[in-house]
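Comments concern the structure below.
All ligand and atom numbering here is 1-based and tracks the order in the structure. Along the sequence shown, residues are numbered consecutively beginning with 1.
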Amino acid sequence: MSENKGNAILLFTCPDQNGIVAKISQFIYQGGGNIIYLDEHVNQNQQFFSLRVVWNMNQFNISAKQLHQAFEPIAKQFQAHWRIEFSETKLRVAIFVSKYDHCLQEILWRYHMNEYQIEIPLIISNHPDLQNIAEANNIPYHVFPISKENKAEQEAKEIALLRENKIDLVVLARYMQVLSPDFIQAFQNKIINIHHSFLPGFVGGNPYKQAYERGVKIIGATSHYVTEELDEGPIIEQDIMRITHKDTINDLVRKGRDLERIVLARALRYKAEHRIIVDGTRTIVFD
Ligand SMILES: Nc1nc2c(c(=O)[nH]1)N[C@@H](CN(C=O)c1ccc(C(=O)N[C@@H](CCC(=O)O)C(=O)O)cc1)CN2
């Protein structure tokens with residue numbers, strides 16, 4: 001009996017055709033696996049099929065190490081893009097912050113509540129302000145002040161530190177610096193951000209002032225993958241709340257904090273549970 005424990009999660013995309021689910025289910029069934037979750041989506045425009053299937057590995061007769069090789073022929077048959085993750089493997093997450101602590105505190109609280117199958121080896125910031133929170137949570141805190149003159153040099157040090165710590169995911173928890181293309185390329189689809197507006201409205205560093213001056217009646221928050229284009233990455237999660245003419249900018253900032261915390265917390269859960277497929281400029285979130 002193999003040492004397999006926990007679940008395997010397959011994320012699979014390919015040109016749509018008959019027999020995909022049957023073939024994959026047969027592979028899992030013949031391996032002795034018990035499917036506990038399966039969801040699929042067909043992108044009607046591009047005729048692209050996407051699938052998330054989860055099966056329990058306890059009785060599965062192919063080891064985690066051999067699984068990729070064993071599944072490869074099926075993936076090749078369907079010209080698929082795919083990856084297999086394991087629920088027992090914790091996602092290694094680095095949190096980037098500036099001076100606002102609300103999103104950081106939310107993640108740390110849920111982390112200590114074991115809401116996520118993650119590890120947080122380090123926190124990185126461009127300011128020393130939140131060092132006390134990191135120390136209170138026994139997490140190393142690294143400060144890299146950023147200016148136009150030193151951004152490339154500082155980011156190179158940050159990338160080296162992230163690689164040294166085998167980081168799988170970078171979470172920008174109100175990190176108020178624009179990351180360079182080199183940084184984005186070093187962590188393709190491995191950086192998520194919380195933007196404090198209902199995108200595509202009010203991109204940039206000061207959306208609440210923009211929202212107030214525009215006189216909107218609804219504000220929101222958006223978590224998205226980070227791309228070179230500011231606030232343009234594929235959206236993972238959004239939420240909104242109604243406001244009125246009585247709300248000052250400070251009221252919008254206060255009310256918006258709650259939205260930012262909950263939206264980023266949900267997006268991180270979707271990442272940690274391997275529920276997201278990036279489909280061009282969009283995402284498929286299997287919830
Ligand atoms: N390459 C990207 N980097 C970042 C993104 C992104 O989408 N792509 N999102 C931001 C977060 N953010 C909005 O959500 C944001 C942060 C900062 C700014 C900004 O204009 N910053 C100024 C400096 C401000 C300061 O020093 O306080 C700047 O970088 O020149 C806009 C949007 C995180 N990074």
I'd like to know if atom 3 (N) of ligand 1 has any protein heavy atom within a distance of less than 4.0 Å.
yes
of all protein heavy atoms, closest to atom 30 (O) of ligand 1 is K148 NZ, 4.6 Å
I'd like to know if T227 contacts ligand 1, where contact means a heavy-atom distance under 4.0 Å to any ligand atom.
yes
Identify the protein heavy atom lying closest to atom 12 (N) of ligand 1, giving its residue, its atom name and the separation to 0.1 Å.
D231 OD1, 4.0 Å
Relative to ligand 1, is V226 under 4.0 angstrom through side chain, backbone, both or neither, heavy atoms considered?
side chain
Grab the two heavy atoms, one from R214 and one from F202, that are nearest each other, plus how far apart they are.
CB-CZ, 3.8 Å
Heavy atom to atom 1 (N) of ligand 1, shortest distance: which of N126, L179, L199 holds it?
L179
Where's the contact between Y175 and ligand 1, heavy-atom distance under 4.0 Å: side chain, backbone, both or neither?
backbone
From H196, H195, M176 - option closest to atom 24 (C) of ligand 1 by heavy atom:
M176
Is ligand 1 under 4.0 Å from a heavy atom in the side chain of I146, in the backbone, in both, or in neither?
neither
For Y111, does the OH atom have more than 12 heavy-atom neighbours from other residues, nucleotides or ligands under 6.0 Å away?
yes
Heavy-atom donor-acceptor pair, Y116 side chain to R110 backbone, under 3.5 Å
no
Quick check on the hydrophobic clustering: are V53 and Y37 connected, directly or via other members, by side-chain heavy-atom contacts under 4.5 Å?
no
At the 4.0 Å heavy-atom cut-off, does G233 count as touching ligand 1?
no
Among all protein heavy atoms, pick out the one at the shortest distance from atom 34 (N) of ligand 1; state its residue, atom name and that distance to 0.1 Å.
Q177 O, 2.7 Å
Within reach of ligand 1, part of H224 (heavy-atom separation under 4.0 Å)
side chain
Closest by any non-hydrogen atom to atom 20 (O) of ligand 1: pick that one out of V178, L172, N193.
V178
Should you measure from each heavy atom of I184, which atoms of ligand 1 turn up under 4.0 Å away?
1 (N)
Residue K151 excluded, over 12 heavy atoms near NZ under 6.0 Å:
yes
Verify the neighbour count for atom CD of E213: are there more than 12 heavy atoms of other residues, nucleotides or ligands below 6.0 Å?
yes
Atom 6 (C) of ligand 1 - nearest protein heavy atom and its distance
L230 CD1, 3.6 Å
I'd like to know if the side chain of Q30 and the backbone of F27 have a donor-acceptor N/O pair within less than 3.5 Å.
no
Just wondering, more than 12 heavy atoms not from R254 lying within 6.0 Å of its CZ?
yes
Specify whether F183 and F187 have parallel, tilted or perpendicular ring planes, treating 30° as the upper limit for parallel and 60° as the lower limit for perpendicular.
tilted
Q210 (side chain) donor-acceptor with V203 (main chain) under 3.5 angstrom:
yes
Could you identify the single nearest non-hydrogen protein atom to atom 31 (C) of ligand 1 and state the distance to 0.1 Å?
G205 N, 3.5 Å
